[in-house]
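Since the model is a prediction, treat every value here as computed from it, not as a measurement. A note on names: the letters A, B, ... follow the listed sequences, proteins ahead of strands, and every chain is numbered from 1.
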Amino acid sequence: MGDTRSFYEQVHQIARLIPKGRVTTYGAIAKALGASRSSRMVGTAMIHAHDPRLKVPAHRVVNRNGLLTGKHHYDTQNQMQELLENEGITIEDDKVKDFKKLFWDPLTELLY
DNA sequence: GTGTTGACCCCAA
DNA sequence: TTTGGGGCCAACA
């Protein structure tokens, strides 16, 4: 409300809060911003987040099934997977193993 | 002001 | 189980 920052910038701020070794979803970020129907925009915001100066862990954002839908936007086919595995996450078939356990919901985990 | 584009999501069959 | 179609809306041309 009355926020003049771009939607992308707001998405980036939330994404920076995702703990190492955890993941969240496009939809969850959208919901946390009060724009639950704008999940596609969250994905678009991740394309802009590719700039390392922004320090946005875009690899920790996956779709609602734990699928690595954004992997094609990285330099190599398995870079996203490697980044996650470096944080202790196991990937099977382009999906996050134990997704439910590793899922970090900005709404329930942030404000309590 | 209009049209197009998506790193999505939901639901029906 | 897997597909396919419709809806969504911020940003950009």
Side-chain angles (χ1 to χ4, degrees):
Chain A
M1 327 13 187
D3 201 326
T4 57
R5 289 175 302 163
S6 76
F7 186 79
Y8 291 172
E9 204 175 323
Q10 297 178 57
V11 170
H12 293 169
Q13 288 216 355
I14 292 205
R16 289 190 192 100
L17 303 175
I18 307 170
K20 187 178 180 181
R22 304 286 298 280
V23 295
T24 191
T25 69
Y26 305 99
I29 292 179
K31 197 170 183 180
L33 287 173
S36 60
R37 288 164 247 168
S38 302
S39 49
R40 301 188 74 166
M41 277 68 257
V42 175
T44 307
M46 288 307 150
I47 297 177
H48 291 244
H50 190 269
D51 187 337
R53 288 175 303 169
L54 297 177
K55 298 211 160 61
V56 176
H59 60 282
R60 295 181 192 145
V61 184
V62 298
N63 85 345
R64 77 169 190 99
N65 299 123
L67 200 65
L68 275 55
T69 49
K71 64 177 292 189
H72 292 110
H73 293 270
Y74 288 82
D75 293 339
T76 64
Q77 274 280 324
N78 41 10
Q79 184 172 354
M80 186 175 185
Q81 174 168 343
E82 286 170 358
L83 286 169
L84 289 169
E85 286 174 338
N86 285 344
E87 299 183 355
I89 296 176
T90 302
I91 308 296
E92 280 179 357
D93 250 350
D94 287 345
K95 278 182 295 188
V96 175
K97 193 181 180 187
D98 295 324
F99 171 63
K100 281 189 175 179
K101 283 184 188 174
L102 298 176
F103 176 62
W104 180 84
D105 187 350
L107 277 180
T108 62
E109 308 246 10
L110 214 48
L111 48 100
Y112 41 111

For this session: Report yes if some heavy atom in the side chain of Asp94(A) is under 4.5 Å from a heavy atom in the side chain of Thr69(A); otherwise report no.
Result: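 Asp94(A) vs Thr69(A): side chains apart.
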For this session: Report yes if the side chains of Val61(A) and Val23(A) come closer than 4.5 Å at any heavy-atom pair, otherwise no.
Result: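 A side-chain contact is absent here, since even the closest heavy-atom pair is not under 4.5 Å.
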Problem set entry | Stretch residues 57-71 of chain A: residues that reach within less than 4.0 Å of DNA chain B through a heavy atom |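 Nucleic-acid contacts, sorted: Ala58(A), Asn63(A), Arg64(A), Thr69(A), Gly70(A).
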Problem set entry | DNA chain B contacts among residues 88-102 of chain A, heavy-atom distance under 4.0 Å |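 Hits under 4.0 Å, by residue number: none.
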For this session: Applying side-chain contact (heavy atoms from CB on, under 4.5 Å), run through Leu84(A) and Leu68(A) and close with a yes or a no.
Result: CA-CA 10 Å; Leu84(A) 289 169; Leu68(A) 275 55; 4.0 Å; yes
Exercise. Rounded to the nearest Å, what distance is computed from the OH atom of residue Tyr26(A) to the C1' atom of nucleotide dC9(B)?
Worked result: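 The answer, rounded to whole Å, is 13 Å.
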If we ignore hydrogens and angles and just use 3.5 Å, is the side chain of [X] paired with the main-chain N or O of [Y] as donor and acceptor?
| X | Y | answer |
| --- | --- | --- |
| Ser39(A) | Tyr26(A) | no |
| Asp105(A) | Leu107(A) | yes |
| Arg16(A) | Val56(A) | no |

Exercise. When you look at Trp104(A) and Arg60(A), which way does the side-chain contact (heavy atoms from CB on, under 4.5 Å) test go after all the steps?
Worked result: CA-CA 10 Å; Trp104(A) 180 84; Arg60(A) 295 181 192 145; over 6 Å; no
For this session: May I have the step-by-step check of side-chain contact (heavy atoms from CB on, under 4.5 Å) for Thr90(A) and Glu85(A), ending in yes or no?
Result: CA-CA 6 Å; Thr90(A) 302; Glu85(A) 286 174 338; 5.8 Å; no
Problem set entry | Asp51(A) with Arg53(A): basic N within carboxylate O range, under 4.0 Å |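 The answer is yes: the pair qualifies as a salt bridge.
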For this session: Encode nucleotides 8-13 of chain C as B, S and - characters from 5' to 3', where the letter depends on protein heavy atoms closer than 4.0 Å: B to the base, S only to sugar-phosphate, - to neither.
Result: BBBSS-
Problem set entry | Step-by-step side-chain contact (heavy atoms from CB on, under 4.5 Å) determination, Thr108(A) to Phe103(A) | CA-CA 11 Å; Thr108(A) 62; Phe103(A) 176 62; over 6 Å; no
